[in-house]
Structure formats: C-alpha cells, structure tokens
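Questions regarding the structure given below will be posed in turn.
Here is the naming used below: chain letters follow the sequence lines, and residue numbers restart at 1 for every chain.
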Protein chains: 2
Amino acid sequence: MTENPSHNRPYSGVIARLKGAGLRPTRQRIALAKLLFEGENRHVTAEDLHGEARAAGVSVSLATIYNSLHQFTDAGLMREVVVEAGRSYFDTNTGDHHHFFHEDTGSLEDIPGDQINVSELPAAPAGKSVQRVDVIVRVSA
Amino acid sequence: MTENPSHNRPYSGVIARLKGAGLRPTRQRIALAKLLFEGENRHVTAEDLHGEARAAGVSVSLATIYNSLHQFTDAGLMREVVVEAGRSYFDTNTGDHHHFFHEDTGSLEDIPGDQINVSELPAAPAGKSVQRVDVIVRVSA
DNA sequence: TCAACAGTTTAGAATGATTCTAGGGATGAA
DNA sequence: TTCATCCCTAGAATCATTCTAAACTGTTGA
C-alpha cells in the first residue's frame, strides 16, 4: 500500500491536524477539514463551504458549518476576515499576509506579508496588547 | 443678533453642508447632521444614532437613519468602517487615518494618519485601482 | 401664495446571515 | 461493550439591515 497516492489515504493528515487542535475527528469535521486544508489556501464563507460539502456528497448542516469554522478559527487553524458588513470570510492562510478586497466582485486576494510594510505603529492603548494588524486594500475597476 | 452663540443659530452650517452634498435639508437630515457633525468626530452605529436622536427628542425612523447614513457616506461626508461581522460603524472623520479596534468593548479609536506608515504596497491587480487602504489594529486586554 | 411634482419619510414586512435550542447520535476511555 | 461526554441536526429565533407602498414635505414656477 505504500504506493497509494494521497487520495487513497485521504484522512491521515487531516485527522492529525484535528487531534492536534484538540478537536474530536468526527465525520463532519474531517470532511470539512479536507475541503479546507487539502490544496491551496482559500477564502470561504459559511454558505460557500456548505455548498461544497453538499456537492462533495457530504451531508452537513449549516449550523455545523458555522460551529466548525469557529472551532477551527479558535484553534488557530484558520482566521476570520471581515471586509463587508453582513458577511464573514474564513481564511485558511494563517501566516503573515494581508488582503486585496475586490469591491465589485466581493472576493478576496492575498497579499504576501513581505509585500506590505506597516511601520511607525503607535503603541497599544494602556493595558492593551495588539492581537493583529489587518490591512485591507480595497480595489475596484 | 451677531452676538448669538452657535446654539442659538443651530442650523446654518449643517444646512449648507447638506446642500453642498446635493441633499435636500429635511428636518430629519438636519437633526442627524447636527448630532453627527457638530462637535468631535465620532464612530456610530445606526442603532447608536437612532437612540441619540430619540434622546434628543427627534423622531426619526430607523429606516431613515440607515438611508441618511448611506447618503452621507456616498456624499463623502462620512465613511463606513467594517471591523466586526454583523455591525457597521460610520465614521465622521473622512481624513487620512486608521483605527484601533478594542475587541473586548467593541469600540473604535482613531489612529492619526501620520502615526502609521504603509509602504511597499503592491500594485493593484490589472485594470483595478485602489479605492482605500484600511489598517485595523485589533487590541484587547 | 399655492399648486403640483419630485424627493423623503415611515411603519411594518421581508431578507439574509448567524446563533440558539432541544433531542438524538457518535466517539473514546476503560 | 458501556457509558459519559461531546457532537450534530432541523428548525426556530435573533439581529442588523433593506424593502415596500403609502403618506408627507420641500421646492419651484405661475
């Protein structure tokens, strides 16, 4: 079996990842994690992911999509990006980077961290610490 | 009458401002513009402003609050700041600046434009132009 | 001054995303 | 296998926001 390509042992990496995050590897979480973490980094909404799961033949309720997305985010496996009131994107790229937001299509595009430099940041207000700095470059035609 | 302080001729500046923006100076818009533009710069939600209007004895429907906020924003009198899914803030400061977002209280604080420097910004994707660059510094205790 | 049109406001319904609820199901330790 | 615990689910509920249709107001021109 050692010659099997990855699609023949589809669960290994994802299960380890879930366990490492302290999340029980349930059928639903495994399926969603596969969709999210195997392959390229992506930006998805809850509805997007719900549709993909259905398309992949996996039956998952929307409530579970929301739960999982938040659990993955809390566990540091993804992060939430807010660019438009009323809709949240979840980003599988947790590394140092920022975003272009295409106002006409509503889509996000990564900007690698080394392509943006934020300097002269003022100190956090007393007693507070900086959790994250988000840079959103809004573009349109 | 030339000695009257501004609270005795409360409408002059605000009416000119509305007319200049191509907006008919109606009773509601005048009242909201007074709350928003007289005094310090502020960050308000639609609900905030609705509450303030009521407290000031002005009867304005929530729909009109939303309409006005969007009209003021479209006219360049304010701008919208999105930091949390599900809630929009409107900012009366249209100048060059960014924001601290206090994750524990849900409030915004201005960072003057000269206290942040964003450099090495990549070019906008082909055919697109940059509308705005937002920097949000998320802080918490 | 006043009619009359266009722009505004409004209450309430509708929408859309997200969260909650309660009950049945799956998981993992022993 | 057992059982306590954690999960999942359908559907209801919630929240911010937008829409609708009808009533109202500001402005303009006679």
Side-chain angles (χ1 to χ4, degrees), chain A residues 11 14-35 43-54 56-75 77-78 80-90 106 108, chain B residues 11 14-35 43-54 56-75 77-78 80-90 106 108:
Chain A
Y11 294 147
V14 144
I15 290 185
R17 197 158 187 168
L18 290 172
K19 284 185 173 168
L23 296 169
R24 227 188 240 184
T26 64
R27 180 168 44 78
Q28 294 84 342
R29 295 209 273 232
I30 291 167
L32 296 178
K34 277 177 55 61
L35 289 171
H43 307 109
V44 297
T45 63
E47 286 291 355
D48 289 343
L49 187 56
H50 193 215
E52 283 184 34
R54 290 202 164 296
V58 186
S59 159
V60 189
S61 75
L62 194 50
T64 296
I65 300 280
Y66 277 102
N67 288 340
S68 301
L69 247 14
H70 287 138
Q71 290 154 354
F72 294 173
T73 298
D74 292 345
L77 267 30
M78 341 182 41
E80 191 174 355
V81 183
V82 181
V83 285
E84 271 185 317
R87 180 160 39 176
S88 274
Y89 287 86
F90 292 85
L108 284 172
Chain B
Y11 294 148
V14 143
I15 289 185
R17 197 158 186 167
L18 290 172
K19 284 185 175 170
L23 295 170
R24 228 189 240 185
T26 64
R27 179 168 43 76
Q28 294 83 342
R29 295 210 273 234
I30 291 168
L32 296 179
K34 277 175 57 60
L35 288 171
H43 306 109
V44 297
T45 63
E47 286 292 354
D48 290 342
L49 188 56
H50 193 216
E52 284 185 32
R54 291 202 164 293
V58 187
S59 159
V60 189
S61 76
L62 194 50
T64 295
I65 300 279
Y66 277 103
N67 288 340
S68 301
L69 247 14
H70 286 138
Q71 290 154 354
F72 293 173
T73 299
D74 291 345
L77 267 31
M78 337 183 47
E80 192 174 355
V81 183
V82 182
V83 285
E84 272 185 316
R87 181 161 37 176
S88 273
Y89 286 87
F90 292 85
L108 284 172

(message) Testing A/L77, A/T73, A/L49 one by one against A/F90 for a side-chain contact (heavy atoms from CB on, under 4.5 Å), which residue passes?
(response) A/T73
(request) Find the distance B/I15:CD1 to D/dT25:P and express it as a whole number of Å. (result) 17 Å
(request) Give a yes or no answer on whether the side chain of B/S68 reaches the backbone of B/T64 with a donor-acceptor pair at less than 3.5 Å. (result) yes
(message) Taking the nucleotide of DNA chain D with the nearest heavy atom to each, does A/R29 or B/G86 sit closer to the 5' end?
(response) A/R29
(request) Report yes or no: does B/R29 contribute a side-chain atom to a donor-acceptor pair with the main-chain N or O of B/R24 at less than 3.5 Å? (result) yes
(message) Which is more 5' along DNA chain C, the nucleotide nearest B/V60 or the one nearest A/A63? Just name the residue.
(response) B/V60
(message) I need the CZ-C1' distance between B/R27 and C/dG7, as an integer number of Å.
(response) 15 Å
(message) If the cut-off is 4.0 Å, is B/H50 near the phosphate of D/dA16, judged by side-chain N/O to OP1 or OP2?
(response) no
(message) Please tell me if B/Y66 has a side-chain N or O lying less than 4.0 Å from either OP1 or OP2 of D/dT17.
(response) yes
(request) Report the distance from atom CG of A/L18 to atom P of C/dG28, rounded to the nearest whole Å. (result) 11 Å
(message) Rounding to an integer number of Å, can you tell me how far B/E84 CD sits from D/dC15 P?
(response) 15 Å
(message) In this structure, how many angstroms lie between the P atom of D/dA16 and the CG atom of B/L69, rounded?
(response) 14 Å
(message) Between P on C/dG16 and CD on A/E47, what's the gap in Å once rounded to a whole number?
(response) 11 Å
(request) Have a look at A/S59 and say if it touches a base, only the backbone sugar-phosphate, or nothing, with a 4.0 Å heavy-atom cut-off. (result) sugar-phosphate
(message) From the set C/dT8, C/dT18, C/dT19, return the single nucleotide nearest to any side-chain atom of A/H70.
(response) C/dT19
(request) Mind calculating the distance between CD1 (A/I65) and C1' (C/dA17) to the nearest angstrom? (result) 14 Å
(message) Between B/S61 and C/dT9, is there a contact of a side-chain N or O with OP1 or OP2 at under 4.0 Å?
(response) no
(message) Can you measure A/N67 atom CG to D/dA10 atom C1' for me and round it to whole angstrom units?
(response) 13 Å
(request) Measure from the side chain of B/L62, starting at C-beta and using heavy atoms only, and say which of D/dT17, D/dT9, C/dT9 lies closest. (result) D/dT17
(request) Nearest-nucleotide wise, let me know which of B/T45 and A/R24 is further upstream toward the 5' end of DNA chain D. (result) A/R24
(request) Please state whether the phosphate of C/dA26, meaning OP1 or OP2, lies under 4.0 angstrom from any side-chain nitrogen or oxygen of A/Q28. (result) no
(message) Taking only side-chain N and O atoms of B/T26, does any of them lie within less than 4.0 angstrom of OP1 or OP2 on C/dT9?
(response) yes
(message) By the 4.0 Å heavy-atom rule, please label B/S88 as base, sugar-phosphate, or nothing.
(response) sugar-phosphate
(message) For A/S61, is there any backbone N or O sitting under 3.5 Å from a side-chain donor or acceptor partner on A/H50?
(response) no
(request) Give a yes or no on whether the backbone of A/T45 and the side-chain of A/D48 come within a donor-acceptor separation of less than 3.5 Å. (result) yes
